Amino acid sequence: MIRIRLNPTPPLLSLLPALALVVVLMAMVPGFHSGGLQALIAFISASIHPSMDPLVVSSAWRGLQITMATALLSWVVSSFIGVVLGLASATLIWRTFIGKSWPAIFFRRLLAFPRAVHELLWGLLLLQMLGLSPWVAILAITIPYSALVARVLSDQLDTLGERPLIALRQSGAKPIQALTTAIIPPMAPVLMSYCGYRLECALRGATLLGVFGLGGLGTDLQLTLQSLQFEELWTALWMLASVMIILEQLMSWWRQRLKSSGAAPRELLVSVCLMLILGICSLIWLQSLDLDMTSSIRWHPLPLPTVSELITASHELHWLQLIVNTLLLTLLAAGIAIGLPPLGMMLWPSQLGRSIQSLLWGLLRLIPTPLAALLLLLNCEPSLAVAALALGAHNLGVMGRLLKEALDQQSDSCYQALKASGAGDRIAWLYGSLSAQSPGYLAYSAYRADVMLRETAVVGMVGGAGLGWQLIESLSSFNWAQVYLLIGVYAMLTMFGEVLSDHCRQLWTGSRKKPAMALVLQS
Amino acid sequence: MLELKGVHLHGPRGDRLRNIDLIIKPGERIALIGSSGAGKSSLLAIANGSLLPSSGTVLWRGRSLNRRHHSQKQAIGTLWQDLCLVEELNVAQNVNAGALGKRSLLWALANLLAPIEINRCRECLEAVGLPANLARASLSELSGGQRQRVALARLLRQKPEIVLADEPLSSLDPPLAEAVLNLLLNSGLLQNNGLLQNNGLPSTISMPKTLLMSLHQTNLIDRFDRVIGLRSGQLVVDQSTDGLDQAALEWLYQSA
């Protein structure tokens, strides 16, 4: 008997998830209709002639300003809070001061909850508690982002090791002196690079919250799409694209500067001052846009359900189905997002192909997931597959950019060697370029899948499936017992996803530490 | 067989190669010498088509070496200085990488799932003195010398008509360097201990007769038929190894 040992290698594992697209498309076929084809063509053609009506432009400009100022303020606040919480959840810090690590573990566990709930869900919950206020969007972004910054910072701090600290303490340095000397120089570039990326994420987050009615450009996008005013929609989209491109270029310049600069602590000090100024400016900016930032916030706590209400709610919901659908949605979306960028680059490796793919990825990153879902609904019936495609498409844009950036920084000697031996472009790219990058790419993919699990809340309503969809339904019907239970289960599921992705990272990179790629691009 | 005509290569810090004219005939074994930075690696890269000259032409069997012409490239095998092995793949998959020029994308993908034509890989490994059971080993488990042999096995799998070798002996201990040189000079196959063997391995596995190899060990030059020397990107020595002028070789290594 012939025994074949199958042992898929990292480059193949990077490509295989693309099969999810076949499953999704097959599932979408029965619900496909050509009714919205004309609208889809109108949407595409409107991209080249967006509305230049002064009223439309000024409305989009005001929305963009609100989104930008909201993103900026929540980014500044979450970065500062995140750093404090990150220090509090690092075992290295506690061991240096009190010789024990349990407070760090306590803070880590505590922060897992705000991190596990997506900013949209925070937004909807805060809307119930605070009413319609500009602070809702700011807090909705700040809460999970602070916890995310804290986790990344504490992870990085704990991988530094204690040896430099021990050496400094033995030379007579006080704990605070030893810590600042040992951790600021290596941590400053990592922290600045990561916080820089969170600004891009905050901009996307603020746009998304707008789509769900929390103001800013997202609201303009949602209203123009719902009324099929595509030319007006593209006015807003091009404005957002311009800001995104400028921001991406700024971040790229910033990273290059950090790389070449030998004085990271000085850069950190400059960054902190700059962020403080930006925070104050964004507050004034929001106020100048006639948003009342100074009036006191009226707090209406969510009603606490009784035990019997909780029991009733737990019986009302089909938990298994909700959880399976959420996981299925994540799996399919992750497959599309992870597998398609390397597949596209392999099948179309020419310079023209790369340029077109980069453009497409930029477009996919630009369009918020719920809008992508609504566009798909022009020609498809709502289903889990449509939701997965919309979620996967947005994340595909992020993964594609990440892979391209990583490949651009890699030596092409292996690719050239294979080309010289007669291998074709596609095969040489597969073996000579993707192979070296695939373990890091897979490790980041594990993290990204974990992010997508949280994001299922955003597209749940399109699929009419999953915990996110049910949560929005329960919120709409003010069924607080269900809301509490759903948030609890959602948080547990995402925490489980986090543990699983940590293990996958360890498997592919041999380290629990977040891969360099993950630090470069996380949202 | 392989011809370089008026090849010129500009670099960021001046000319890397200047007006190189070179003809390599079938069966010739040529040593390429010169100090570091003299242009040896650039010349080999231009000869295998991985680098385009700024001016001049490279001809393979009388036809211009086309970057897109895969069969031409398959005929030219290169042993790279940094080996260019794919770290994420196992030994057999790396050996199979030598055959990629003749195979389809589907074959290449299947090889990433599990090494295919494993017996061919084992034969190539045995021919370079590696045990066949190393086929499924990871590259990280191998020593520097073993990695060098994997690169040689990949070359055997490619079955080229000419070998261009870029300082293949530089990181090897003397016995292994001798064994690798013997293999490249087509003097025999290797055993695990690095000694020559002729124990009935398939006749299809052998090194091509034509070799252009860069090296620094001038004491090995008499093992070749011809020697060419580069100095500051110029071809300044091109003669038979018989009656070689030792002073000319020493001059090559003096600072320009």
Side-chain angles (χ1 to χ4, degrees), chain A residues 2-19 339 342-351 406-407 410-443 507-510 515, chain B residues 44-51 65 67-90 92-94 96-116 118 136 138 140 151 154-155 157-160 164 166:
Chain A
I2 299 169
R3 242 181 89 217
I4 301 170
R5 273 189 289 173
L6 298 181
N7 185 17
T9 47
L12 194 65
L13 286 175
S14 308
L15 294 167
L16 282 176
L19 288 172
L343 186 69
M345 289 175 93
M346 182 184 76
L347 294 178
W348 202 4
S350 68
Q351 201 56 46
L407 286 168
Q410 178 185 297
S411 153
D412 70 342
S413 60
C414 207
Y415 169 79
Q416 291 296 349
L418 287 162
K419 286 272 292 166
S421 72
D425 283 344
R426 293 185 182 97
I427 295 176
W429 184 84
L430 178 65
Y431 276 66
S433 297
L434 182 64
S435 289
Q437 211 46 249
S438 48
Y441 182 71
L442 284 171
L507 183 72
W508 286 315
T509 62
Chain B
L44 291 173
I46 285 177
N48 70 20
S50 62
L51 193 63
L65 191 63
R67 279 173 79 85
R68 299 222 149 263
H69 206 300
H70 296 164
S71 65
Q72 277 184 338
K73 297 230 175 147
Q74 287 156 29
I76 305 170
T78 308
L79 189 60
W80 302 84
Q81 193 172 10
D82 57 357
L83 305 181
C84 291
L85 296 171
V86 186
E87 298 295 328
E88 290 70 28
L89 307 184
N90 67 23
Q93 285 163 326
N94 265 286
N96 270 337
L100 288 174
K102 299 168 194 141
R103 300 287 194 260
S104 65
L105 180 61
L106 207 59
W107 189 93
L109 285 167
N111 186 50
L112 294 178
L113 187 61
I116 36 186
I118 190 89
R136 290 184 193 273
S138 152
S140 58
R154 183 179 63 183
L155 202 59
R157 188 86 170 88
Q158 187 183 336
K159 289 197 225 164
L164 310 175
D166 194 0

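These figures come from a predicted structure and were not determined experimentally. Numbers restart at 1 for each chain; the letters A, B, ... are given by sequence-line order, proteins then strands.
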**Message:** Please check: side-chain N/O of A:Thr9 versus main-chain N/O of B:Leu112, any donor-acceptor pairing under 3.5 Å?
**Reply:** yes
**Message:** Is A:Leu16 in contact with chain B via its backbone, its side chain, both, or neither, using a 4.5 Å heavy-atom distance?
**Reply:** neither
**Prompt:** Who among B:Thr78, B:Leu109, B:Ile118 has the most heavy-atom pairs with chain A under 4.5 Å?
**Reply:** B:Leu109
**Item:** Euclidean distance, B:Lys73 NZ relative to A:Lys419 NZ, rounded to 0.5 Å
**Value:** 5.5 Å
**Message:** Just so I know, are the side chains of A:Ser433 and A:Leu407 near enough to count as touching, which here means a heavy-atom distance under 4.5 Å?
**Reply:** yes
**Asked** Quick one: does B:Glu88's side chain have a donor or acceptor within less than 3.5 Å of a partner on A:Pro10's backbone?
**Response** no
**Prompt:** What part of B:Asn94 lies closer than 4.5 angstrom to a heavy atom of chain A: side chain, backbone, both or neither?
**Reply:** neither
**Complete:** Bottom line for B:Leu85: the part with an atom under 4.5 Å from chain A's heavy atoms is backbone
**Request:** Spell out, as yes or no, whether a donor-acceptor pair under 3.5 Å connects the side chain of B:Asn96 to the backbone of B:Ile116.
**Result:** yes
**Message:** So, taking the atom named CG in A:Leu347 and the one named CH2 in A:Trp429, what distance separates them when rounded to the nearest 0.5 Å?
**Reply:** 9.0 Å
**Asked** Can you say whether B:Glu87 sits under 4.5 Å from chain A via the side chain, the backbone, both, or neither, judging by heavy atoms?
**Response** neither
**Request:** Measure B:Leu105 against the heavy atoms of chain A and call it side chain, backbone, both or neither at under 4.5 Å.
**Result:** both
**Asked** Picking from B:Asn111, B:Leu155, B:Ile76, B:Leu164, which has the most non-hydrogen pairs under 4.5 angstrom with chain A?
**Response** B:Asn111
**Complete:** Pair count under 4.5 Å, heavy atoms only, with chain B: among A:Pro11, A:Ser413, A:Gly432, A:Ala436, highest is A:Ala436
